[in-house]
Each structure stands twice: as C-alpha cells, then as structure tokens.
Amino acid sequence: MADFITAVYISFIIQAGGALLTAAVFRSFQRYYQKAYLTHLQWSWLALSVHLLAGAVGLYLSSTFDATHPARLLVNIIAGIAGFTQIPLVLFGTYELTTGRAVPSDRVRRALIAAATTGLVTAIVFVWKEDAGFARFLARVGLRAILSGAGFLAAAYGIWRARATVQGLGPRMVSGAFFVYGLLQLHYLGVAVYESISQNYPAYVSYTGFLDILMYFLMALGTVIWLLENEQKTAMQAAAQIQHLAYHDTLTGLPNRQLFLDRLNLAISHAHRSQRRLAVFFLDLDRFKVINDSLGHAIGDRLLQSISRRLTGLLREGDTVTRIGGDEFTILVPHLQHSDDAIVVARKVRDALKHPIEIDGRELYVSTSIGISLYPNDGEDANALLRNADAAMYRAKAQGRDTFRLYAPAMNAKALEQLALENGLRKAIANGELIMHYQPIVSFATSRVIGVEALIRWNHPELGLLYPADFISLAEATGLIGPLGEWSLKEACTQVKTLRERGLNLHAACNLSVRQIQQLDFVETISSILHDTGLPAEALDLEITESIAMQSDDDTIEKLRAVKRLGVRISIDDFGTGYSSLSALRLFPVDSLKIDQSFVHDITATSGDAAIATAVIAMAHSLDLTVIAEGVETEGQLAFLRGRGCNAYQGYYVSHPLTAEECEAVIRAHDGLPIAVKKRKTGRVAKAG
Ligand code: C2E
Ligand code: MG
Ligand code: MG
C-alpha cells in the first residue's frame with residue numbers, strides 16, 4: 001500500500017509540474033497574442049497544478065495526521081477549490097477558442113463561485129463525515145470525476161460538432177485528448193466505487209496518472225497548435241484581403257485597371273492561340289459630373305455602385321467589368337464569334353444603363369458613351385486595345401454621347417490633335433491669341449448698317465487663323481467657354497462702344513453659349529461688362545441658337561428675362577434649324593429671329609426654303625419680332641428677303657467678318673460716310689444697300 005501511495009504521490013507531483021509548465025506556456029502566449037481564451041486556459045492549468053500539488057501534500061500528510069487535522073483540512077480545501085474551478089475554466093477557454101466568442105465575465109464569475117463552493121463543501125464533507133461511506137467517496141473523487149468527465153466529454157463533442165468551421169490538427173488533438181481524458185475521469189469514478197467497496201485500489205491505477213499527464217500534454221500542445229493555425233489562417237485572410245484591395249476598386253468591388261490588364265493579357269494569349277477575336281469596351285458616363293456636383297458625392301458613389309451591379313448582372317461569367325477611373329468602366333469580352341457581336345453587347349450595355357436608377361426615391365438618368373476595340377484588328381497588346389477603345393469612346397462623346405463607336409485608326413490622331421488644341425486654348429486668352437471679327441448688319445428700311453455681329457477667331461501660333469467651328473465645342477466641353485465667352489463679350493462691347501464714340505450708331509450682336517447662361521453669375525457678368533465698358537444696354541444684342549433656346553429650363557429663361565430687364569435685347573440665332581413651335585417661342589423673352597443661312601442660301605432656287613423663309617418672317621411679325629437674315633450672298637437673295645418684309649440682313653454680300661478697323665472702313669463706305677478706307681482682300685464692299 002505504501003508503494004502504491006508513493007507512486008500516486010510522485011505521479012501527482014509530476015502532473016502538477018506538467019500543468020504548471022502548461023500554464024506558463026499559455027501565459028507567455030497570452031502576453032503575445034492577447035486572446036481571452038488563453039487567460040481562461042492559463043488559469044485552468046494553474047488551478048489543476050494547485051489541485052494536484054495539494055493532492056500530493058494531502059496524501060503526504062495523511063500518513064501522519066488524521067483527516068480532521070487543520071493542516072489536512074486546509075490542504076483538502078485548497079485541493080477541492082482548485083480542482084472544481086479548473087473544470088469551468090477549461091470549458092470556457094475551449095468554448096471561446098471554438099466559437100471565437102468571449103464568455104461574459106459575470107457568467108465566469110458565477111461559475112467560479114459555484115465551483116469553488118462545491119470544492120469547499122466536498123472538502124469539508126470529506127473531513128467531517130469520515131464514517132459516512134458514500135458521501136465521503138462522493139466528496140473525495142466521485143463528484144469531481146463525474147463533473148470533469150462529463151465536462152470534458154461535452155467539450156470534446158462541442159469541438160467535434162464545430163468541425164465544419166473549426167478545422168486543423170489542433171482542434172482534433174484537443175478534442176481527442178478531451179475525449180480520452182473525459183473517459184479517464186469517468187473511469188476514476190469506477191475506481192472510486194471499487195475502492196469504497198473493496199477498500200483497495202486496483203494496482204494499475206498507480207500508472208494511469210501518466211496517462212493523465214499525456215492527456216494534459218496533448219491538450220496543451222493541441223491548443224498551441226490550434227492557436228498557431230488560427231493565426232496562420234488570419235494572416236492568410238489578411239493577405240487575401242490585401243491582394244483583393246490591390247486588384248479591386250474599393251467603391252464598387254469591381255476589378256481595377258491592374259487586374260483588367262492582367263486578364264486582358266491572358267485573354268489575348270488565349271485568343272492568339274485559338275485564332276479568336278476579343279473585344280474591349282471603354283465606357284464613360286455622360287453627365288456624371290453634373291450629378292456628382294449637384295447631388296453630392298454620396299449619391300454619385302451610390303450611382304456608380306448601382307451601375308456596376310447593373311453591368312455585372314448584364315454580362316456573361318467569363319466577361320470582366322472594371323472600374324478604371326471616376327466614371328469610367330471597361331468591359332472585356334474574351335470570346336467573340338463575330339465582330340458584330342461586339343455591337344450587340346454595346347447595344348445591350350447602352351440600353352441597360354438608359355433605364356433610370358433609383359437612389360433615395362430619386363430617379364436618376366444616365367447614359368454612356370462607349371468605345372470598342374477588337375483584337376487582333378485594333379491592337380496586339382492590352383495597352384493598345386485599351387487606348388484605342390478610349391479613343392473610340394471620345395469619338396462617341398464628340399458625336400453626341402449616349403452612343404458607341406468602333407475604333408478606327410484615324411481616331412487616335414484626332415484625339416491627340418484635340419488634346420493639343422485644348423492645351424493651346426487654355427493659354428490663348430492670356431497670350432492674346434483670340435481676336436474678334438465683326439460683320440455688319442444692314443437694315444432693309446434705311447439701307448444703313450445698324451449693328452455688327454461679333455465673331456470670335458483664334459490666331460493659333462502654328463495652325464493660323466481658326467474659326468469657331470474648330471474650337472467652340474472644345475471650349476464648351478472643357479469649361480473654357482466661361483473665360484472665353486466673357487472675354488469675347490467684353491472685347492466686343494469695348495470695340496462697339498469705341499465705334500459709337502466715333503460716330504457710328506451701332507449695336508453689338510454677341511453670340512452666347514448655353515454654358516455661359518448656366519453660370520451662376522451670368523446676369524451679374526452681363527451687367528458688369530456693360531458697366532465696365534460703358535456700352536448702353538440697348539446697344540447689346542445677345543444671340544442664342546434656336547436649339548439651345550428651346551431646350552432651356554426655367555432657370556435659364558428666368559436669367560434671360562433678368563438680362564432683358566437691364567435693357568439688353570435677345571435674338572434667336574440659326575432660326576429654322578431647331579423646329580421650335582410658336583407657343584414655345586411665346587414663352588421665350590426674345591426680340592428678334594435670325595433666319596439660318598442654310599435657308600437663305602437656296603431661297604431663290606428651292607421653293608421649300610423660300611416657303612420656310614416666308615413663313616418664318618410672317619410668323620415672327622405676328623409675334624412682334626424683328627427678322628434678320630444671315631448669310632446673304634447675292635442680289636437675288638436680297639431682293640427676295642426685301643419682298644417678304646425681312647427687317648435686316650448680314651452676309652458676304654455686304655462684307656465678310658473683318659477686324660474692327662476694317663469693319664469700320666466698310667461701314668463708312670457702305671453708309672456713304674467720310675473717311676474712306678481701301679477695300680481689302682478679305683472683305684467685299686457692297687455696291688448697293
Ligand atoms: P452665327 O452666329 O450663326 O454666325 C454667323 C456665321 O456665318 C459666322 O461664322 C459667319 O462668318 C458666317 N457668315 C457670315 N456671312 C456669311 C455668308 O454670307 N455666307 C456664309 N456661308 N457664311 C456667312 P463663324 O464666324 O465661323 O461663326 C460660327 C458660329 O460660331 C457662329 O454662328 C456663332 O454661333 C459661333 N460663335 C462665333 N463667335 C462666338 C463667340 O464669341 N461666342 C460663342 N459662344 N459663339 C460664337
Ligand atoms: Mg450669331
Ligand atoms: Mg447663325
């Protein structure tokens with residue numbers, strides 16, 4: 001018996017040392033990894049170590065003192081408390097490790113109090129009821145064996161059940177060790193029953209302690225492996241996340257330019273091998289900037305997200321949709337049977353984006369301009385295909401937006417040209433390269449020049465004299481129309497004011513772009529130009545083209561009314577090309593109509609144009625509007641217009657647009673005023689009015 005006790009005694013001490021070591025390992029891990037479960041596991045192993053050590057001391061004391069001796073009592077109480085608190089601690093730690101959820105601290109506290117109380121009570125029962133066999137047995141080993149056996153088996157089952165999410169060697173080791181340890185504990189229950197009946201231990205029990213040590217070791221090792229596996233998984237997830245961020249757009253989650261180029265390169269080599277075509281689409285949303293500026297970036301972002309969802313939903317699985325910039329998307333369609341298929345896809349995309357997108361109960365309408373490049377025709381490598389699709393998109397934009405264009409080699413040259421022109425235009429005002437030309441406007445009633453139309457020109461350092469058709473739409477598209485328009489207005493008002501001071505009673509007809517009217521301070525700009533130049537408001541006539549006038553919103557109309565209240569007159573330019581209705585005209589604050597030169601041109605030849613001109617004049621007069629004919633080049637045109645009651649005219653018949661001083665000479669010659677100036681090559685002085 002003494003041998004047996006010694007063996008158990010040594011086994012207890014070794015086990016205690018092992019448990020203490022395990023606790024120390026967990027502690028150092030906890031310092032580094034800061035995980036809640038490591039705290040619970042560390043305390044549980046510390047408790048186990050105390051329990052075993054106290055058990056060893058208790059065993060030692062049992063040979064010298066009887067059970068009621070205070071020293072034994074104290075040691076028993078310590079062993080009991082430590083032994084029972086160890087169970088919830090290890091279960092909580094395992095639960096936290098398995099689920100990733102922390103156990104609320106008040107629940108931990110309550111469980112520990114309950115466990116400690118149980119430990120205390122069993123220790124006391126063990127001492128005081130030395131004769132009460134069953135209670136003593138229960139207190140000594142039975143209760144703890146039942147609780148920890150059941151607890152460890154439950155924990156083993158819990159880990160096993162979570163095997164779908166909790167995988168790896170660590171969890172398997174821990175649950176296996178828990179299972180065996182749980183069985184061992186229940187087996188000790190059997191041993192205790194056997195002991196209380198036969199008053200003797202089965203001999204092998206002195207060795208099962210080493211099995212306990214093995215299980216502690218496996219549990220600890222398994223936990224450490226588990227922890228490291230978790231850390232590795234987190235690191236891998238982080239790496240994947242970083243990878244995703246590097247290759248995706250954060251706003252929409254779509255692939256970014258880099259990934260697009262990678263996939264495009266891959267698709268190109270596939271297409272090359274299988275002798276197939278592929279298509280690259282370059283999309284740029286029309287008017288996105290307007291939405292972003294007026295409704296805010298938050299709405300703009302959500303719009304981009306909806307659009308990207310719509311695009312991905314629309315395309316096949318193998319296709320790649322990318323957001324490569326602000327409102328720019330690209331699509332890679334890696335397999336095309338026929339190049340016409342690209343057009344089918346482009347139509348599908350354009351039509352899909354046409355449907356309104358609802359954001360915060362507001363319906364937003366966007367359209368898109370699409371450029372398409374095809375492999376192998378439009379480029380051999382990814383960069384060329386992308387660049388050419390971009391050039392084709394620019395062409396689609398220039399040709400009225402909401403449309404698509406297939407790449408053609410001429411587009412790149414054109415795009416570069418536009419870019420150079422745009423850069424030049426930015427500096428043109430500062431460099432004094434812009435000039436105004438003036439074309440006389442002659443009254444039918446008096447045959448005298450009553451005004452001049454100011455027409456802008458750009459004296460380009462390399463390209464020579466450029467006309468509005470070459471740069472006005474560029475200025476509008478780039479926003480440069482603001483400063484350009486203001487400069488031209490100021491210049492025209494200044495020069496006409498000078499001409500008036502020199503005795504010519506003229507008004508200045510100035511062309512406006514709708515972008516200028518849309519500017520917030522449009523009315524203030526006009527009135528300050530009048531103020532600064534000293535031109536009377538009555539001498540200023542603002543021309544807006546018919547198509548623009550008819551599209552204008554309430555705000556534009558209101559601004560024109562305000563300008564009109566200053567005394568400025570308003571004309572509708574290029575009339576006849578915009579199909580305006582009479583009723584629409586009536587709403588518009590307008591003083592005169594300018595019949596477009598295309599009607600004037602064939603006025604004497606085509607009966608259709610003659611009828612239109614006749615009708616326009618009659619209609620305008622019925623609305624009390626003055627009518628001015630543009631582009632009058634011949635005597636015949638003049639006679640026709642005079643016969644229909646047209647009020648004034650301008651055109652090469654009288655003079656080409658000329659510089660201010662040339663124009664002054666033409667006017668003086670025309671009106672029979674003194675100071676004759678020689679005829680110039682560029683201008684032609686009319687013989688008769
Ligand atoms: P518009 O206002 O209709 O100007 C008349 C255009 O017809 C001018 O072209 C003028 O040179 C041309 N023209 C004049 N007489 C005749 C003729 O007998 N026959 C023919 N075939 N053409 C004639 P230009 O100067 O090239 O201006 C084109 C357009 O550019 C103008 O059309 C006007 O809408 C716009 N524009 C001109 N200057 C400015 C400006 O300072 N600001 C803005 N926003 N637009 C301007
Ligand atoms: Mg005009
Ligand atoms: Mg015109």
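Indexing begins at 1, ligand by ligand and atom by atom, following the structure's order. Numbering of residues begins at 1 and proceeds along the displayed sequence. All of these numbers come straight from a predicted model, not from anything done at the bench.
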Engineer: Do any N/O/S atoms of Thr545 come under 2.8 Å of the Mg ion (ligand 2)?
Structural biologist: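 Coordinating: no.
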Engineer: If you count the atoms of ligand 1 from 1 in the order shown, which ones are under 4.0 Å from a heavy atom of Gly631?
Structural biologist: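 Answer for ligand 1: 16 (C), 17 (C), 18 (O), 19 (N).
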Engineer: Quick check: does Met436 get an N/O under 3.5 Å from an N/O on ligand 1?
Structural biologist: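 N/O-N/O distance under 3.5 Å: no.
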Engineer: Would you mind listing which atoms of ligand 1 come within a distance below 4.0 Å of any non-hydrogen atom of Glu633?
Structural biologist: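 Counting from 1, the qualifying ligand atoms are 17 (C), 18 (O), 19 (N), 20 (C), 21 (N).
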Engineer: Need one value: angle at the Mg ion (ligand 2), Glu453 atom OE2 versus Asp573 atom OD2, rounded to 10 degrees.
Structural biologist: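 Seen from the Mg ion (ligand 2), OE2 and OD2 are separated by roughly 180°.
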Engineer: Counting C-beta onward and ignoring hydrogens, is there a side-chain heavy-atom pair between Asn647 and His621 closer than 4.5 Å?
Structural biologist: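 Heavy-atom side-chain distance check passes, below 4.5 Å.
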Engineer: Using a strict cut-off of 4.0 Å, indicate which atoms of ligand 1 neighbour a heavy atom of Glu543.
Structural biologist: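 Here the atoms of ligand 1 in question are 2 (O).
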Engineer: Give the numbers and elements of all ligand 1 atoms closer than 4.0 Å to a heavy atom of Val632.
Structural biologist: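 Under 4.0 Å from Val632, ligand 1 has these atoms: 18 (O).
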Engineer: Could you check whether any heavy atom of Glu453 sits closer than 4.0 Å to an atom of ligand 1, since that is the contact criterion I want to use?
Structural biologist: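 Contact check Glu453 vs ligand 1: positive.
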Engineer: Is Ile544 close to Asp573 at the side-chain level, that is, under 4.5 Å between some pair of heavy atoms?
Structural biologist: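 Sidechains of Ile544 and Asp573: no contact.
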Engineer: Determine whether any heavy atom of Arg457 lies closer than 4.0 Å to an atom of ligand 1.
Structural biologist: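 Arg457: in contact with ligand 1 (<4.0 Å).
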Engineer: Taking the non-hydrogen atoms of Pro657, is any one of them nearer than 4.0 angstrom to ligand 1?
Structural biologist: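 Pro657 counts as a contact of ligand 1 under the 4.0 Å cut-off.
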Engineer: Which of the numbered atoms in ligand 1 are under 4.0 angstrom from any heavy atom belonging to Asp573?
Structural biologist: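 It comes down to these atoms of ligand 1: 1 (P), 2 (O), 3 (O).
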Engineer: If you measure from OG1 on Thr368 to CD1 on Ile370, what distance do you get to the nearest 0.5 Å?
Structural biologist: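 One gets 5.0 Å once the value is rounded to the nearest 0.5 Å.
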Engineer: Just go through Leu466, Ile456, Asn511 and tell me whose heavy atom is the nearest to atom 34 (O) of ligand 1.
Structural biologist: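 Among Leu466, Ile456, Asn511, the closest heavy atom to atom 34 (O) of ligand 1 comes from Asn511.
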Engineer: To check your reading of the site, what angle at the Mg ion (ligand 2) do OD1 of Asn511 and OE1 of Glu543 form, to 10°?
Structural biologist: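 Rounded to 10°, it measures 90°.
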Engineer: Considering the heavy atoms of Leu512, write down every atom of ligand 1 situated less than 4.0 Å from one of them.
Structural biologist: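 This gives 44 (N) as the contact atoms.
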Engineer: What atoms in ligand 1 come closer than 4.0 Å to a heavy atom of Ser513?
Structural biologist: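 Answer, ordered by atom number: 44 (N).
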Engineer: With rounding to the nearest 0.5 Å, note down the distance linking CZ in Arg395 to CZ in Arg405.
Structural biologist: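 So the gap between those two atoms works out to 8.5 Å.
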Engineer: Judging by distance only, is a nitrogen or oxygen of Gln650 under 3.5 angstrom from one on ligand 1?
Structural biologist: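 In fact, backbone or side chain, Gln650 has no N or O that close.
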Engineer: What's the spacing between Cys510 SG and Gln516 CD if we round to 0.5 Å?
Structural biologist: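 So the SG of Cys510 and the CD of Gln516 are separated by 9.5 Å.
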Engineer: Is Lys354 atom NZ crowded by more than 12 heavy atoms from other residues, nucleotides or ligands, each under 6.0 Å away?
Structural biologist: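 For Lys354, atom NZ is crowded (more than 12 foreign heavy atoms under 6.0 Å).
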Engineer: So among Thr614, Val632, Val627, which one has a side-chain contact (heavy atoms from CB on, under 4.5 Å) with Leu641?
Structural biologist: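 Of the listed options, the one satisfying the test is Val632.
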Engineer: Go through ligand 1 atom by atom and flag the ones less than 4.0 Å from a non-hydrogen atom of Ser488.
Structural biologist: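 Counting atoms of ligand 1 from 1, those under 4.0 Å from Ser488 are 41 (O).
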Engineer: What part of His656, side chain from CB on, backbone N/CA/C/O, both or neither, has a heavy atom under 4.0 Å from ligand 1?
Structural biologist: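 No part of His656 comes within reach of ligand 1.
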Engineer: Would you check the N or O atoms of Gln439, main chain and side chain alike, for any that come under 3.5 Å of an N or O of ligand 1?
Structural biologist: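 There is such a contact, yes.
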Engineer: Is Val442 close to Tyr649 at the side-chain level, that is, under 4.5 Å between some pair of heavy atoms?
Structural biologist: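 Yes, close enough: below the 4.5 Å cut-off.
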Engineer: First locate atom CG of Asp402, then atom CG of Leu285, and finally report the distance between them rounded to the nearest 0.5 Å.
Structural biologist: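 Rounded to the nearest 0.5 Å, the CG-CG separation comes out at 11.0 Å.
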Engineer: Got Met436 and Leu455 here, is their nearest side-chain heavy-atom distance under 4.5 Å?
Structural biologist: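 When only atoms from C-beta onward are counted, Leu455 and Met436 do not touch, as no gap falls below 4.5 Å.
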Engineer: So Arg257 and Asp249, salt bridge (charged side-chain N to carboxylate O under 4.0 Å, His left out) or not? Walk me through it.
Structural biologist: CA-CA 9 Å; Arg257 178 187 286 266; Asp249 165 44; over 6 Å; no
Engineer: Does any N/O atom on Tyr467 come nearer than 3.5 Å to any N/O atom on ligand 1?
Structural biologist: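 There is no such contact.
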Engineer: Based purely on interatomic distance, does Thr545 place a nitrogen or oxygen under 3.5 Å from a nitrogen or oxygen of ligand 1?
Structural biologist: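 Among all N and O atoms of Thr545, none is under 3.5 Å from an N or O of ligand 1.
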Engineer: How close do Ile572 and Thr545 get, heavy atom to heavy atom, and via which atoms?
Structural biologist: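 The pair with the smallest heavy-atom distance is CG2-C, 4.5 Å.
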Engineer: Around atom NE2 of His601, are there more than 12 heavy atoms of other residues, nucleotides or ligands at under 6.0 Å?
Structural biologist: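 Atom NE2 in His601 is not crowded, with 12 or fewer foreign heavy atoms closer than 6.0 Å.
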